[in-house]
Asker: 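I have a structure I would like to understand better, so I am pasting it below and will then ask my questions one at a time.
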Amino acid sequence: MSKVSTVYGPVNSWRVGSSLGLDLLCVDSVCSFRCVYCQLGRINVRTAERRVYVTTTRVLEDLRASAWREADVLTLSGSDEPTLAANMSEVIGELKRLTRKPVVVLTNSAQLGDAQVRRKLCAAERVFCKLDAADGKTFRRVNRAVEGVTLRSTVEGIRRFREEYAGRLAVQLMLLPLNKHQTREFARLLEELRPDEVQLNAPPRSPARVDD
Ligand code: SF4
């Protein structure tokens with residue numbers, strides 16, 4: 001049976017142009033959040049454990065077999081949270097060495113409290129950080145994070161990352177019935193975080209669950 005590739009696309013993205021996606025977990029849906037609007041339907045493994053899920057060698061093999069030359073950027077996202085991959089910085093380094101293309105990372109921001117994760121992310125040219133709530137109750141209802149991750153720890157992680165990161169930082173906000181009343185609070189948080197860009201998104205379909 002052939003293995004599922006860790007590389008997909010390129011696909012056209014309104015945010016970054018032609019983007020080749022790389023999935024560093026690729027084994028299951030693995031994330032430290034279980035967002036109500038998640039397009040994966042259900043996160044099978046909710047964890048904050050960082051480990052090597054897919055070897056760097058396998059990712060690079062898949063890259064070489066792909067149409068990477070047609071892409072403007074290489075994007076770490078996929079069916080899970082890329083900062084949970086312990087080999088993320090090794091992969092970013094190899095991607096840049098082999099392709100000379102900019103690397104974008106989409107993260108849920110939950111692991112940014114960890115200095116090691118922030119250091120690894122600094123190798124990317126662009127980082128998109130998720131922030132969907134302006135108070136703890138909404139954070140719990142929307143993102144349903146693994147134990148130990150709170151809105152405060154997430155915001156503090158983004159704030160520290162902003163101080164250390166010289167690349168282009170975007171904050172991504174998914175507008176939902178659960179958080180759309182928090183415009184002023186979001187504005188205050190964004191002033192504190194000083195991203196280069198704010199991306200307002202709407203879910204393409206109604207969230208599947210709000211309370212499990
Ligand atoms: S952070 Fe992304 S992958 Fe994780 S549950 Fe939320 S939407 Fe799904």
Side-chain angles (χ1 to χ4, degrees), residues 1-35 37-112 114 116-130 143 145-146 161 165 167-170 172 199 201 204:
M1 199 173 71
S2 63
K3 281 187 301 185
V4 176
S5 178
T6 56
V7 174
Y8 55 93
V11 293
N12 281 323
S13 153
W14 63 269
R15 292 177 293 201
V16 294
S18 174
S19 165
L20 188 82
L22 294 104
D23 188 341
L24 303 191
L25 288 82
C26 204
V27 281
D28 208 336
S29 48
V30 182
C31 192
S32 40
F33 281 2
R34 195 174 267 157
C35 302
Y37 57 82
C38 184
Q39 290 303 292
L40 304 174
R42 170 134 194 124
I43 294 298
N44 291 322
V45 182
R46 182 167 50 177
T47 179
E49 185 198 5
R50 293 214 315 281
R51 66 178 176 85
V52 175
Y53 290 83
V54 180
T55 64
T56 304
T57 305
R58 179 175 158 199
V59 175
L60 297 180
E61 272 170 16
D62 291 341
L63 175 83
R64 288 191 184 94
S66 76
W68 65 266
R69 287 180 179 79
E70 295 167 19
D72 300 321
V73 299
L74 310 178
T75 303
L76 306 191
S77 60
S79 58
D80 21 57
E81 169 53 36
T83 61
L84 294 178
N87 56 338
M88 180 181 71
S89 67
E90 181 183 52
V91 170
I92 292 175
E94 287 298 309
L95 292 178
K96 288 165 73 161
R97 191 178 66 76
L98 288 169
T99 69
R100 310 275 169 208
K101 291 186 187 276
V103 173
V104 181
V105 180
L106 273 60
T107 176
N108 66 11
S109 318
Q111 278 67 239
L112 293 182
D114 184 327
Q116 223 188 349
V117 171
R118 295 198 302 274
R119 220 172 15 253
K120 290 177 175 187
L121 273 177
C122 282
E125 276 70 25
R126 296 178 70 176
V127 176
F128 298 171
C129 291
K130 182 186 293 300
N143 299 119
V146 73
F161 184 59
Y165 181 54
R168 189 166 179 84
L169 173 68
Q172 289 189 316
Q199 299 169 358
N201 298 319

Asker: Measure the spacing between OG1 of T107 and CZ of R118 and express it to the nearest 0.5 Å.
Answerer: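 Answer rounded to 0.5 Å: 12.5 Å.
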Asker: Which pair of heavy atoms, one from Q172 and one from N201, lies closest together, and at what distance?
Answerer: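 Minimum heavy-atom separation between Q172 and N201: NE2-ND2, 4.1 Å.
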Asker: So do K120 and E90 actually touch side chain to side chain, heavy atoms under 4.5 Å?
Answerer: no
Asker: Does the side chain of E94 come under 3.5 Å of the side chain of T56 through a donor N or O and an acceptor N or O?
Answerer: no
Asker: Taking all heavy atoms of L84 and all of V30, pick out the closest pair and write down the distance.
Answerer: CD1-CG1, 4.1 Å
Asker: Using every non-hydrogen atom in the two residues, find where V54 and N87 come nearest and quote the distance to one decimal.
Answerer: O-ND2, 2.9 Å
Asker: Do we see a donor-acceptor contact under 3.5 Å between the side chains of D72 and S18?
Answerer: no
Asker: What is the distance from atom CG of L40 to atom OG of S29, rounded to the nearest 0.5 Å?
Answerer: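 Going from CG on L40 over to OG on S29, the span is 5.5 Å.
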Asker: How many angstroms lie between atom OG of S66 and atom CG of L60, to the nearest 0.5 angstrom?
Answerer: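 Answer rounded to 0.5 Å: 10.5 Å.
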Asker: Kindly say whether A71 contributes a backbone atom to a donor-acceptor pair with the side chain of K101 at under 3.5 angstrom?
Answerer: yes
Asker: When you check the gap from the basic side-chain N to the acidic O, do E61 and R58 get nearer than 4.0 Å?
Answerer: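 Result for this pair is no, no salt bridge flagged.
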Asker: Keeping K130 on the side-chain end and N143 on the backbone end, is there a donor-acceptor pair under 3.5 Å?
Answerer: no
Asker: Rounded to the nearest 0.5 Å, how far does CG of L20 lie from OH of Y8?
Answerer: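 Rounded to the nearest 0.5 Å, the OH-CG separation comes out at 8.5 Å.
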Asker: Of all the heavy-atom pairs spanning Y165 and L121, show the shortest one and how long it is.
Answerer: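 Taking Y165 first and L121 second, the nearest heavy atoms are CE1-O, 4.0 Å.
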Asker: Which heavy atom in T99 sits nearest to a heavy atom in L63, and how many Å separate them?
Answerer: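 Nearest pair, atom of T99 first, then L63: CG2-CD2, 3.9 Å.
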Asker: Ignoring hydrogens and geometry, is there a side-chain-to-backbone donor-acceptor pair from Y53 to A86 under 3.5 Å?
Answerer: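 Absent.
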Asker: Without hydrogens or angle criteria, can the side chains of S19 and T75 be said to hold a donor-acceptor pair below 3.5 Å?
Answerer: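 A pair is found: one side chain offers a donor N or O, the other an acceptor, under 3.5 Å apart.
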Asker: Out of curiosity, N108 CG to C35 SG, how far, rounded to the nearest 0.5 Å?
Answerer: 7.0 Å
Asker: How far does CG of D80 sit from CG of L24, to the nearest 0.5 angstrom?
Answerer: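 CG of L24 is found 8.0 Å from CG of D80.
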Asker: Are T83 and D114 side-chain neighbours, meaning at least one heavy-atom pair lies under 4.5 Å?
Answerer: no
Asker: With side chains defined as the heavy atoms from C-beta onward, is the minimum distance between F161 and C122 less than 4.5 Å?
Answerer: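 Yes, side chains in contact.
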Asker: For S5, is there any backbone N or O sitting under 3.5 Å from a side-chain donor or acceptor partner on D62?
Answerer: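 Between the backbone of S5 and the side chain of D62 there is no qualifying donor-acceptor contact (under 3.5 Å).
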Asker: Can you check whether L76 reaches L95 side chain to side chain, under 4.5 Å on heavy atoms?
Answerer: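 Touching, per the 4.5 Å side-chain cut-off.
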Asker: Any chance you could lay out the side-chain contact (heavy atoms from CB on, under 4.5 Å) test for F33 and S109, step after step, and finish with the verdict?
Answerer: CA-CA 10 Å; F33 281 2; S109 318; 6.0 Å; no
Asker: Do you know the tightest heavy-atom contact between A170 and Q199?
Answerer: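 Where A170 meets Q199 most closely, the heavy atoms are CB-NE2, 3.7 Å.
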Asker: Name the one of E49, Q111, R50, E81 that satisfies side-chain hydrogen bond (donor to acceptor under 3.5 Å, both in side chains) with S32?
Answerer: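 The passing option is Q111.
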